[in-house]
Novice: 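Supplied in structure tokens, the structure appears directly below.
Proteins come first, then strands; the chains are lettered A, B, ... in the order of their sequence lines, and each starts at number 1.
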Amino acid sequence: MSKTISSENGGKTAKMSDSATVESNQLQRYNPTEIEPKWQARWDADASLYAAEGHNSGKPKYYCLEMLPYPSGQLHMGHVRNYAIGDALARHMWMRGYNVLHPMGWDAFGLPAENAALKNNTPPREWTLANIAAMRKQMRRMGLSYDWSTEVTTCLPDYYRWNQWFFVKMFEAGLAYRKKSKVNWCPDCQTVLANEQVVAGRCWRHEDTIVEQRDLTQWFLRITKYSDELLDGLDKLDGWPEKVRTMQRNWIGRSEGALVDFAVDGEVKAPGCAKITVFTTRVDTIFGATSVQLAPEHAVAKAFAAEDAGLAAKIDGLLAEQRRAREAGDVGAIEKHGVDTGRLAVNPFNGERVPIWVGNYILADYGTGAIMSVPAHDERDFEFAQKYGLEVRRVIAPKAGGEEPVLPYTAEGDAVLVGSAEWTGLGCVDAQQKMAAFAQAKGFGTATVTYRLKDWGVSRQRYWGTPIPMVYCQNGHAGLEPGGVVALPESALPVLLPAQVEITQQGGSPLGRVADFVNTTCPVCSGPARRETDTMDTFVDSSWYFYRYTDASNANAPFDSEKVNYWFPIDQYIGGVEHAILHLIYSRFWTKVMRDLGLVKNDEPAARLFTQGMVIKDGAKMSKSKGNVVSPDDMIARYGADATRMYALFAAPPDRDLEWQEEGVAGISRFLSKVYRLVTKYADVASDGKQVESATGLALLRKLHQTIAKITQDFDGRWHFNTSISAIMILVNEIMANEAAMDAGEVEPQAIAAVVSGLTLLLAPFVPFAAAELWERMGYEGAVFRAAWPVADEALARENEVEIPVQANGKLVTVVKVAAGSDDDAVKAAALADEKVKARIEGKTVVKVIVVPGKLVNLVVK
RNA sequence: GCCCGGAUGGUGAAAUCGGCAGACACAGCGGACUUAAAAUCCGCAGACCCUAACCGGUCGUGGGGGUUCAAGUCCCCCUCCGGGCACCA
């Protein structure tokens with residue numbers, strides 16, 4: 001990186017003595033609204049500027065990714081913060097010599113486009129593409145270093161055709177399947193929702209809308225095949241926040257236990273209802289089981305109900321209570337009710353007959369929908385037994401013996417079995433394994449694992465999404481019954497989303513009303529067929545988009561595996577914590593599927609994940625209803641993109657919530673004005689290569705190299721860019737404090753040039769426009785963020801004198817100056833020689849002197 | 001109930017390994033420059049006590065205990081705030 005000196009300045013000297021220069025600099029006031037659009041135009045005109053080198057590049061790669069936005073049409077401050085973090089990182093890594101991939105795209109399918117269509121009578125595609133154009137423009141105005149040649153837009157066929165391709169692959173691998181089941185239905189969205197999209201019984205997009213349960217035949221992706229791998233993989237994701245890992249662990253909800261069959265005493269007419277299989281994590285307590293409890297929807301409960309109208313009515317009542325609680329989002333607070341069916345079940349361990357109840361607190365969709373009730377050792381069972389007068393029988397005791405435990409006694413760590421036949425005396429955990437093995441040997445049970453995680457329901461009864469590439473062959477053909485499912489071959493893809501579709505609020509997929517779309521032919525027998533009219537959950541789109549960035553225009557495959565294998569895993573993924581479960585678990589799943597299809601080699605999509613805090617205003621999340629929204633456009637118009645971005649990094653560490661205060665942006669703008677004035681003032685000072693010897697020159701270099709070390713460390717470590725920026729402010733303050741000496745010719749040009757260019761390089765990741773302008777003014781060629789990141793010189797950074805605080809009994813007495821690197825005895829001597837210290841220890845005994853090298857002295861006095 | 005965060009001046013925050021609490025800013029106050037204002041520059045600034053002023057002292061990182069020469073930082077207990085999970089058997 002050589003400095004080019006223009007001819008008119010060719011004869012300049014190191015001194016900035018003439019007032020003409022100062023005057024001309026007064027004209028060079030920091031004016032972001034002028035320089036930022038100028039640089040933006042230059043950057044926009046050069047597509048190669050931010051482009052990554054190919055996968056054959058000899059450089060080490062760095063994949064820096066921010067979560068792609070939904071194209072609402074407007075960037076909000078949360079985006080600004082997210083992208084300011086990612087952009088600083090990407091630019092820094094370029095300067096560190098990495099081959100950086102820094103892409104951006106659009107999560108462009110979804111319901112808002114249909115709502116807008118209804119409201120404005122605009123087709124969803126037009127509305128979405130216009131929004132994308134508007135937001136891309138905003139991003140360019142912000143100076144974000146995206147490689148637009150890899151842009152991915154999920155609503156375009158060249159992307160979503162690969163959703164369809166993957167779907168067929170999954171269908172062929174048995175990972176996509178259709179089943180009729182209870183599904184979550186949002187009456188506002190007029191569509192089914194995945195379990196992950198239901199929050200406390202409400203729709204994730206409509207906080208006030210209670211999600212209904214409906215019986216529908218839907219497509220599911222078999223994410224549960226990977227339950228264990230998704231769970232175990234979390235342990236290895238040490239670059240992910242613990243919070244996210246914990247949330248995913250909770251969501252997967254792995255629970256080890258046993259299945260045990262209780263035979264139903266007496267005759268049961270309904271098939272498959274002769275026994276009740278219960279799930280328990282505490283099979284060691286089975287001698288204390290005093291009833292069996294069924295969910296109201298359990299098959300055996302239904303069988304009993306079919307034989308007894310009175311019982312049926314009571315069970316219906318329990319079911320209604322359960323539904324009401326679920327819809328209120330308050331399943332945990334339901335008041336326990338139950339009804340005795342009058343029938344008995346046989347405990348296979350001791351042959352005992354216990355009553356069979358139906359309970360409103362038993363969930364049909366967890367475990368087997370049936371439990372054994374052990375009141376002495378389970379809080380819920382205890383509460384229920386108290387209410388209905390069921391027997392409470394204690395079969396677990398504390399290991400140490402001693403006092404009678406208070407019931408319910410739920411400990412299992414240091415507890416042993418009592419009153420449990422040959423199992424008596426065994427430790428609980430030991431007994432759990434042995435009793436499950438025994439049940440298996442005898443054929444009435446088995447050890448098992450259950451999960452909270454359910455398969456991912458991906459069918460949506462909406463228009464604006466990826467058509468599911470399946471047809472139903474009306475007449476059937478060899479090996480397929482009439483109406484059977486046929487996957488479309490690759491040659492029939494993409495199934496294009498028809499353009500002219502009437503969007504209405506009626507139920508059912510809008511595509512179902514498009515005859516041209518629905519009616520087709522079977523790809524196997526060419527007979528009449530009907531297309532699937534549901535579309536895919538938009539979370540399918542975002543589950544693999546970051547792979548497409550590596551090969552965005554590939555028309556023959558979702559991507560070239562060689563490219564993906566070079567770029568993956570993502571080195572740093574940055575986004576909001578709100579995606580901790582939905583997007584981040586789906587995309588982990590998708591990666592594992594692609595790996596098993598032989599498309600990628602990595603097990604996980606992202607090595608490191610960073611979740612930035614929210615941007616708040618007046619203590620609350622910005623929202624239109626609260627009227628506390630700050631528009632990025634306004635901020636940029638007033639203070640420039642650089643100041644807006646730098647403030648977003650300065651006001652708080654990136655992982656914490658950030659309170660937006662406009663005065664703070666103004667402060668950053670003032671700081672940039674100072675920088676601009678200083679750097680332009682000394683821009684023409686050329687290094688003459690002479691050794692720096694002046695005290696001021698050395699002090700400036702010292703501060704510069706300390707700042708380089710500090711900021712490099714921040715990028716490598718904690719990302720506390722608020723402190724990086726404060727370090728740059730300290731450097732600028734130091735330069736300003738020495739301005740008079742610099743102007744008086746007391747500082748070597750070498751030092752001035754080094755400090756001013758170093759400062760500009762350090763600023764480049766945070767304020768790209770200003771840094772680019774200043775870099776050019778200094779006469780350097782090439783982009784500043786492709787210049788080499790400065791390396792801290794330890795020798796130059798080292799202080800030659802250090803201040804050592806001296807304490808007496810831990811309280812500060814004074815601060816003494818000693819030469820850096822002084823040994824402990826010298827530091828101790830200096831401390832004891834100090835007048836204030838002498839006065840403090842006068843007449844007292846110094847019991848002990850603690851010297852912490854380079855840090856402090858503490859005198860223990862009595 | 002369980003699991004993750006968090007609580008430091010008027011405000012945002014800093015203190016990365018147990019070593020000067022409050023760096024750097026914002027808001028504020030005082031001064032210089034100016035006819036004046038803006039802009040800019042310089043200075044003050046945790047609370048309380050003492051003092052005419054200096055000097056000096058005490059307290060202080062949500063609360064209470066503890067470990068240590070030394071605690072915002074480590075240990076125990078508690079409060080409050082944010083987030084996640086939850087009759088999951």
Novice: Between Tyr451(A) and C88(B), is there a contact of a side-chain N or O with OP1 or OP2 at under 4.0 Å?
Specialist: no
Novice: Counting only side-chain nitrogens and oxygens, does Arg718(A) get under 4.0 Å of the OP1 or OP2 atom of A15(B)?
Specialist: yes
Novice: Hey, is the side chain of Lys811(A) pairing donor to acceptor with the base of U58(B) inside 3.5 Å?
Specialist: no
Novice: Using a 4.0 Å heavy-atom cut-off, does Met372(A) contact any base of the nucleic acid, only the sugar-phosphate backbone, or nothing at all?
Specialist: nothing
Novice: For Gly367(A), answer base if it contacts any base atom (sugar-phosphate contacts may also be present), sugar-phosphate if it contacts only those atoms, and nothing otherwise; contact means non-hydrogen atoms under 4.0 Å.
Specialist: nothing
Novice: If each of Val244(A) and Glu659(A) is mapped to the nucleotide of RNA chain B with the nearest heavy atom, which maps nearer the 5' terminus, i.e. the 5' end?
Specialist: Val244(A)
Novice: Using the rule given for side chain to side chain donor-acceptor pair (under 3.5 Å), can you reason through Tyr676(A) versus Asn31(A), listing the C-alpha separation, both sets of side-chain angles and the distance that settles it, and then say yes or no?
Specialist: CA-CA 9 Å; Tyr676(A) 198 81; Asn31(A) 188 356; over 6 Å; no
Novice: Scan side-chain atoms only and decide if Asn360(A) and Gln322(A) contain a donor-acceptor pair under the 3.5 Å cut-off.
Specialist: no
Novice: Rounding to an integer number of Å, can you tell me how far Met729(A) CE sits from A13(B) C1'?
Specialist: 12 Å
Novice: Mind calculating the distance between NE2 (His720(A)) and C1' (C24(B)) to the nearest angstrom?
Specialist: 15 Å
Novice: Specify the glycosidic conformation (syn or anti) of G28(B), with syn defined as within 90° of 0.
Specialist: anti
Novice: Whole angstrom is fine here: how far is it from CD1 in Ile850(A) over to P in C20(B)?
Specialist: 14 Å
Novice: Using a heavy-atom cut-off of 4.0 Å across all strands, would you classify Arg670(A) as base, sugar-phosphate, or nothing?
Specialist: sugar-phosphate
Novice: Could you state the NZ-P distance from Lys674(A) to C24(B), rounded to the nearest angstrom?
Specialist: 11 Å
Novice: Measure CG/Leu856(A) against P/A21(B) and give the value in whole Å, please.
Specialist: 9 Å
Novice: Determine the contact category for Asp714(A): base if any of its heavy atoms lies under 4.0 Å from a base atom, sugar-phosphate if only primed atoms, P, OP1 or OP2 are that close, otherwise nothing.
Specialist: base
Novice: If I take atom CG in residue Asn722(A) and atom C1' in nucleotide U11(B), what distance separates them, rounded to the nearest angstrom?
Specialist: 15 Å
Novice: Base, sugar-phosphate or nothing for Gln807(A)? Non-hydrogen atoms, less than 4.0 Å.
Specialist: base
Novice: After noting the C-alpha distance and the side-chain angles of Tyr682(A) and Asp743(A), does the key distance pass the side chain to side chain donor-acceptor pair (under 3.5 Å) rule?
Specialist: CA-CA 10 Å; Tyr682(A) 300 113; Asp743(A) 291 346; 2.8 Å; yes
Novice: Among the candidates G19(B), C41(B), C24(B), find the nucleotide nearest to the side-chain atoms of Met736(A).
Specialist: C41(B)
Novice: Got a donor-acceptor pair under 3.5 Å from the side chain of Asn858(A) to the base of C69(B)?
Specialist: yes
Novice: Please classify the nucleic acid contact of Asp381(A) as base, sugar-phosphate, or nothing, using heavy-atom distances under 4.0 Å.
Specialist: nothing
Novice: Does the side chain of Leu237(A) come within less than 4.5 Å of Arg245(A)'s, by heavy atoms?
Specialist: yes
Novice: Nearest whole Å is fine: how far is U16(B) P from Gln713(A) CD?
Specialist: 11 Å
Novice: Give one of base, sugar-phosphate or nothing for Pro241(A), where a contact means two heavy atoms less than 4.0 Å apart.
Specialist: nothing
Novice: By nearest nucleotide on RNA chain B, pick out whichever of Val577(A) and Val815(A) is the more 5' one.
Specialist: Val815(A)
Novice: With a non-hydrogen cut-off below 4.0 angstrom, is Glu663(A) in contact with a base, only sugar-phosphate, or nothing?
Specialist: sugar-phosphate
Novice: Nearest heavy-atom pair of Gly338(A) and Tyr388(A): which atoms, and what distance?
Specialist: N-OH, 3.0 Å
